[in-house]
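Read through the structure below, which is laid out as structure tokens, and then see the notes.
Chain identifiers are assigned alphabetically (A, B, ...) following the order of the sequence lines, protein sequences preceding nucleic acid strands; residue numbering begins at 1 within each chain. Basis for what follows: all heavy atoms, side chains included, without hydrogens, waters or symmetry-related copies. Everything numeric here is computed off the predicted structure, so don't read it as measured data.
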Amino acid sequence: MSRTFVGMPPFPTAARAALADTQLRANLAHATTTIRAKRAAVVAELDDWEALRLRAAAIKDDVLLHLDEHLVRLEESLTARGAVVHWARTAEEASEVVAQVARAHGVDEVVKVKSMATQEVELNEHLAAQGISAWETDLAELIVQLGDDLPSHILVPAIHRNRAEIRAIFEREMARVGRPAPADLTDDPVRLAEAARLHLREKFLRAKVGVSGANFAVADSGTLVVVESEGNGRMCLTLPEVLVSVVGIEKVVPTWTELDVFLTLLPRSSTGERMNPYTSTWSGVTPGDGPQEVHVVLLDNGRTRALADEVGRQALRCIRCSACLNVCPVYERTGGHAYGSVYPGPIGAILNPLLKGVGHDEQTDSLPYASSLCGACFEACPVRIDIPSVLVDLRAQVVDAHRSGVPKPEALAMRAAAAAFGSGGRLAAAEQASGLAGRALDALSSLTRRGRRAGGRRLVGRLPGPGAAWTDARDLPVPPRESFRAWWKRTDGGTR
Amino acid sequence: MRVALMVTCLNDAMFPDAGKAVVTLLRRLGVDVEFPAAQTCCGQPMVNTGYLDEAVPVVRSFVRAFEGYDAVVTPSGSCAGSARHQHSIVARRSGDPGLATAVAEISPRVHELSEFLVDVLGVEDVGASFPHAVTYHPTCHSLRMLGVGDRPERLLRAVRGLRLLDLPRAEECCGFGGTFALKNADTSVAMGADKARHVRESGAEVLVAGDSSCLMHIGGLLTRQRAGVRVMHLAEVLASTEGATRAGAAR
């Protein structure tokens with residue numbers, strides 16, 4: 001994969017392009033509706049779901065509060081079991097550890113388990129720059145990689161593609177990097193999966209180095225856990241001689257007892273399954289079984305920054321289930337690419353600004369505003385991340401970061417509103433002006449034949465300038481001649 | 001019990017009939033509702049756009065207007081949510097412990113209309129008559145921030161002559177979202193267009209909701225589409241009686 005999200009436009013611009021893609025809209029509506037229904041059904045089966053959510057949130061909060069101790073414990077356990085632990089402050093450092101391991105073994109290719117952390121650090125691009133190919137083996141990641149595309153969902157990165165498009169990608173691209181697609185390929189999902197299986201098999205059997213992330217890291221036993229559906233992960237974790245895992249520092253859980261809670265919550269929240277098909281766990285090196293050289297890269301890359309954010313730190317509870325994406329009405333319409341990150345949707349709208357900081361680039365600063373604050377994400381989140389509250393807090397951070405510069409029209413409007421709303425008297429004066437404006441508009445539109453009414457009220461049609469944002473697609477009623485407050489005063493509360 | 005009407009800035013300036021309907025309704029139920037003239041806005045437009053400093057004077061004026069009342073009733077789930085869940089954030093930002101105390105005192109007394117009717121007054125049948133086919137959109141903040149549940153539907157089911165029709169995907173956001181409607185106008189309209197389609201599919205003559213803001217957005221799309229479905233605030237339907245059916249003329 002050579003494409004990255006670098007240079008993506010701010011959300012409103014990217015969303016506009018995505019919204020115009022009718023095929024994308026149809027693909028997303030179909031996929032998110034299906035997965036939402038599956039999730040709702042399996043969540044409804046558990047009568048203690050809310051208790052589980054509360055427990056999971058409490059466990060993660062406690063881990064984050066004592067993160068230093070848990071990480072040192074994890075390092076000790078891993079080292080005692082024969083793993084080599086690396087600490088990476090940045091994306092660059094993490095990618096370079098993987099590159100060093102690959103170079104040390106003289107390989108020009110690695111096989112990969114689906115992993116958000118390696119996407120985040122742009123590992124594949126870093127390796128490619130050193131002549132090392134990183135083969136994605138998750139079906140959806142393979143589709144994205146072969147199509148020279150970008151992931152648009154945390155769990156199903158090719159959610160924006162339908163099966164006809166996937167068939168075309170396989171037929172066009174597989175031969176370029178390995179075993180070609182079967183000549184008689186159709187867009188039947190079973191046939192598409194078979195084509196991927198045949199294509200990947202030779203890569204699994206050939207690769208000397210495997211690369212993964214981890215869904216969880218158990219501190220007291222030094223165990224990494226990967227949860228997956230296809231078995232490709234199991235292949236990558238067991239067949240190569242060398243295994244490197246890039247793990248965000250927030251993935252640590254104290255013991256297997258806490259792990260149990262998350263293994264109940266994750267599959268139901270993500271794929272809508274009671275249990276995922278494959279759960280792989282490994283603790284360092286097991287002599288004569290599986291990779292004999294095991295590396296673990298513990299990744300910060302902005303996580304300690306997020307941890308320092310009083311309101312935002314709850315985002316580090318995230319277990320990357322993507323339930324929030326699937327229920328989000330914004331995501332359903334724009335898809336993931338508009339968010340300009342491997343972490344799209346509601347969690348991406350908070351995680352990216354928290355990891356990177358706000359006030360530096362327009363794209364990141366646009367993300368906290370990419371939400372109607374409807375709250376569906378909070379309701380679905382298995383670890384109870386109050387995403388709307390974090391979004392609102394981040395918006396304040398964005399505004400505060402720009403307070404010293406030249407004020408934007410929006411800032412001036414807010415200041416004017418604050419002045420008007422500071423007293424009932426000043427507001428009454430402002431409303432009198434709007435009533436006058438309303439009367440003027442009313443008179444004006446009555447002169448044109450295009451004037452329309454809803455009920456007895458005249459409507460404003462298309463307005464120029466800033467008013468266009470509302471009126472391009474929506475009517476607006478002309479302000480009433482008399483505000484409520486003026487009516488109350490005139491009639492003494494409707495009594496005369 | 002001293003009850004204050006918090007009419008909201010939007011109803012005050014744009015949809016005064018929703019406020020008048022609350023007054024009519026509450027008086028019919030024996031509540032002598034007052035309108036503190038010092039009130040302005042709950043501050044949500046500032047808070048949700050990130051302008052916390054600008055929200056401080058607004059929350060101060062809110063506190064000045066409503067302190068001393070036993071209950072504050074408002075025809076808006078969103079503004080009730082703002083008062084109950086966001087004023088403490090603004091108070092913290094102000095660094096004024098006096099404001100924080102006043103907010104803590106007033107916030108829990110703010111009730112969205114359906115909460116006030118069902119929980120405080122204990123009524124579901126408000127004696128209304130509205131012989132029309134209606135569908136109800138549960139606005140996000142009333143549903144997920146306040147948790148009003150099915151209180152509005154219970155009130156609507158008790159209205160004489162009213163036929164309540166199912167709204168497909170009712171709990172999905174309409175896409176208004178305050179300044180989201182302007183800052184992300186394309187996405188807002190895409191969401192609203194789907195909501196308007198579901199409203200048309202419901203077969204209702206009237207779309208009812210508890211927030212004029214969402215109704216302004218959905219209604220603006222419906223009239224632009226010449227959909228022939230009008231929008232009315234919940235208060236206007238509940239205020240309607242056989243003698244005086246409100247026609248939703250305000251929108």
Could you have a look at [options] and say which one has the most heavy-atom pairs with chain A under 4.5 angstrom?
options	value
B:Val33, B:Val56, B:Thr187, B:Leu222	B:Thr187
B:Asn48, B:Leu182, B:Leu52, B:Val58	B:Asn48
B:Leu221, B:Ile89, B:Leu5	B:Leu221
B:His217, B:His141, B:Glu34	B:His217

**Message:** Once rounded to the nearest 0.5 Å, what's the spacing between atom SG of B:Cys79 and atom CD of B:Gln86?
**Reply:** 10.0 Å
**Prompt:** How far does SG of A:Cys374 sit from CG of B:Leu143, to the nearest 0.5 angstrom?
**Reply:** 9.5 Å
**Item:** B:His87 ring center within less than 6.0 Å of B:Phe62 ring center
**Value:** yes
**Asked** So, A:Glu379 and A:Arg36, do they make that salt bridge, N to O below 4.0 Å?
**Response** no
**Item:** Residues A:Glu332 and B:Arg169 bridged, charged N to O under 4.0 Å
**Value:** yes
Engaged part of [X] at the chain B interface, taking heavy atoms whose separation is under 4.5 Å:
X	value
A:Asp393	neither
A:Trp470	both
A:Arg415	both

**Item:** Any residue meeting salt bridge (charged side-chain N to carboxylate O under 4.0 Å, His left out) with B:Arg28, in chain and number order, not counting sequence neighbours
**Value:** none
With chain B as the partner, which of [options] has the greatest number of non-hydrogen pairs under 4.5 Å?
options	result
A:Gly494, A:Ala413, A:Pro368, A:Ala376	A:Ala376
A:Ala15, A:Ser371, A:Ala370, A:Pro479	A:Ser371
A:Arg25, A:Glu482, A:Gln397	A:Arg25

Contacting region of [X] [heavy-atom separation from chain A under 4.5 Å]:
X	answer
B:Glu54	both
B:Ala181	both
B:His85	neither

**Request:** Dump the intermediate steps for salt bridge (charged side-chain N to carboxylate O under 4.0 Å, His left out) on B:Asp17 and A:Arg457, then the final yes or no.
**Result:** CA-CA 12 Å; B:Asp17 285 3; A:Arg457 189 105 166 245; over 6 Å; no
**Complete:** Between A:Phe484 and B:Val23, the two heavy atoms sitting closest are CZ-CG2, 4.0 Å
